[in-house]
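Indexing begins at 1, ligand by ligand and atom by atom, following the structure's order. The model shown is predicted, which means the values in this text are computed figures rather than measured ones.
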Amino acid sequence: MQQTFTIAETWDLLDRARAEGLRIGLVPTMGFLHQGHASLIRASAAENDLTLTTIFVNPLQFAADEDLSDYPRDLERDFALCEQAGANIVLTPSVDEMYPLPILTEVAVNDLSSAMEGAQRPTHFAGVTTVVAKLFNIGGRCRAYFGEKDYQQLAIVRRMALDLNFPVEVIGCPIIREANGLAMSSRNTYLSPEEFDAAGVLNRSLKSAVALAEAGETDVEVVRRHIIDMIETESAVSSPDYVAIVDAATLQPIERMAGDVRIILAAQVGRPRLLDNIGVTLPA
Ligand code: AMP
């Protein structure tokens with residue numbers, strides 16, 4: 001595994017690999033890696049000849065009052081995890097390398113970015129799509145792997161790649177969870193042991209909602225209320241910021257529980273806001 005620090009040296013390596021006919025996989029991350037990230041690297045390594053993992057805590061996607069300065073970092077551990085999972089190149093650019101000048105260009109995906117996380121964090125997705133556009137220009141023609149944990153982000157990135165003709169096939173990968181169902185996240189490190197246990201209710205509430213829908217409940221409001229009531233039984237978990245029940249492809253709210261449905265929620269648990277979601281296919 002090779003470590004790179006600059007975009008130019010990464011382009012050189014990828015140009016050479018492509019000249020040899022190698023297929024390239026790209027796994028963008030913000031580091032402090034866990035088994036969720038490892039699953040993306042493994043998926044890329046299985047489907048491509050060379051996997052580029054990037055580790056970059058992107059200032060653009062953090063609002064002023066968010067945790068940019070103390071976002072958790074452990075590069076030594078990250079490199080070991082990348083190597084074990086099958087990455088071939090790990091790019092860790094500095095902020096100056098990515099943003100040598102204050103950036104004047106922004107990539108934003110309208111509509112898809114305004115609800116759910118976008119309503120809670122109005123500048124977040126433009127920061128994500130701008131840096132992912134840059135990473136796609138660094139990766140060039142490739143397959144890029146993103147987690148369904150950030151389901152709205154995955155849909156937005158997919159649409160950006162389509163709208164702007166990036167030569168990138170965006171691939172979504174399933175959510176990797178802790179034993180209590182909590183979706184793995186770098187920010188779980190902020191949780192106390194009690195909060196960690198309590199946060200298991202997020203996934204339990206989603207699974208219970210799916211069971212309710214599969215048993216024939218078609219009223220979206222009943223399903224949403226069921227989730228909120230379950231979460232509110234855990235005092236360490238705040239009432240969710242949102243519970244969105246949407247069409248899995250368009251992310252538009254649906255009126256009845258039918259077809260390909262995604263249930264997406266966010267809730268504060270102690271310091272971090274945690275995201276989770278689940279999919280279900282119901283009779284039309
Ligand atoms: P991050 O480092 O949080 O920006 O995440 C980098 C990538 O890993 C994103 O595509 C995330 O959706 C994905 N990811 C994070 N946590 C998980 C998880 N628990 N399961 C699957 N993918 C994940």
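Close N/O approach between Ser186 and ligand 1 is not found [any backbone or side-chain N/O within under 3.5 Å]. The N/O atoms of Leu40, backbone and side chain alike, include none that comes under 3.5 Å of an N/O atom in ligand 1. Among the atoms of Cys173, none of the N or O lies under 3.5 angstrom from an N or O of ligand 1. Where the criterion is an N or O separation shorter than 3.5 Å, residue side chain and backbone included, Met30 meets it with respect to ligand 1.
Counting heavy atoms closer than 4.0 Å to ligand 1, residue Ser185 contributes nothing at all. At a 4.0 Å heavy-atom cut-off, ligand 1 touches His34 through the side chain alone.
No heavy atom of Gln35 sits closer than 4.0 Å to any atom of ligand 1.
From the protein, the heavy atom lying nearest to atom 21 (C) of ligand 1 is Pro174 O, 3.4 Å. Here the heavy atom of the protein found nearest to atom 12 (O) of ligand 1 is Asp150 OD2, 2.6 Å. Protein heavy atom closest to atom 5 (O) of ligand 1, with residue, atom name and distance, is His37 NE2, 3.4 Å. For atom 22 (N) of ligand 1, the nearest protein heavy atom (residue, atom name, distance) is Gly147 CA, 3.5 Å.
A perpendicular orientation is assigned to the rings of Tyr71 and Phe62, their planes being inclined by more than 60° (bins at 30° and 60°).
Heavy atoms only, all atoms of each residue included: Ala45 and Gly86 are closest at CB-O, 3.8 Å.
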Return all side-chain donor-acceptor pairs below 3.5 angstrom for residues 236-247, not counting sequence neighbours, or 'none' if the list is empty.
{"unit_1": "Ser238", "atom_1": "OG", "unit_2": "Gln268", "atom_2": "N", "d": "3.2"}
{"unit_1": "Ser238", "atom_1": "OG", "unit_2": "Gln268", "atom_2": "O", "d": "3.0"}
{"unit_1": "Ser239", "atom_1": "OG", "unit_2": "Glu232", "atom_2": "OE2", "d": "2.9"}
{"unit_1": "Asp241", "atom_1": "OD2", "unit_2": "Arg273", "atom_2": "NE", "d": "2.6"}
{"unit_1": "Asp241", "atom_1": "OD2", "unit_2": "Arg273", "atom_2": "NH2", "d": "3.4"}
{"unit_1": "Tyr242", "atom_1": "OH", "unit_2": "Glu117", "atom_2": "OE2", "d": "2.6"}
{"unit_1": "Asp247", "atom_1": "OD1", "unit_2": "Ala249", "atom_2": "N", "d": "2.8"}
{"unit_1": "Asp247", "atom_1": "OD1", "unit_2": "Thr250", "atom_2": "N", "d": "2.9"}
{"unit_1": "Asp247", "atom_1": "OD1", "unit_2": "Thr250", "atom_2": "OG1", "d": "3.4"}

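Cation-pi geometry between Arg77 and Phe32 is met: the NZ or CZ atom falls under 6.0 Å from the ring centre, inside 45° of the normal.
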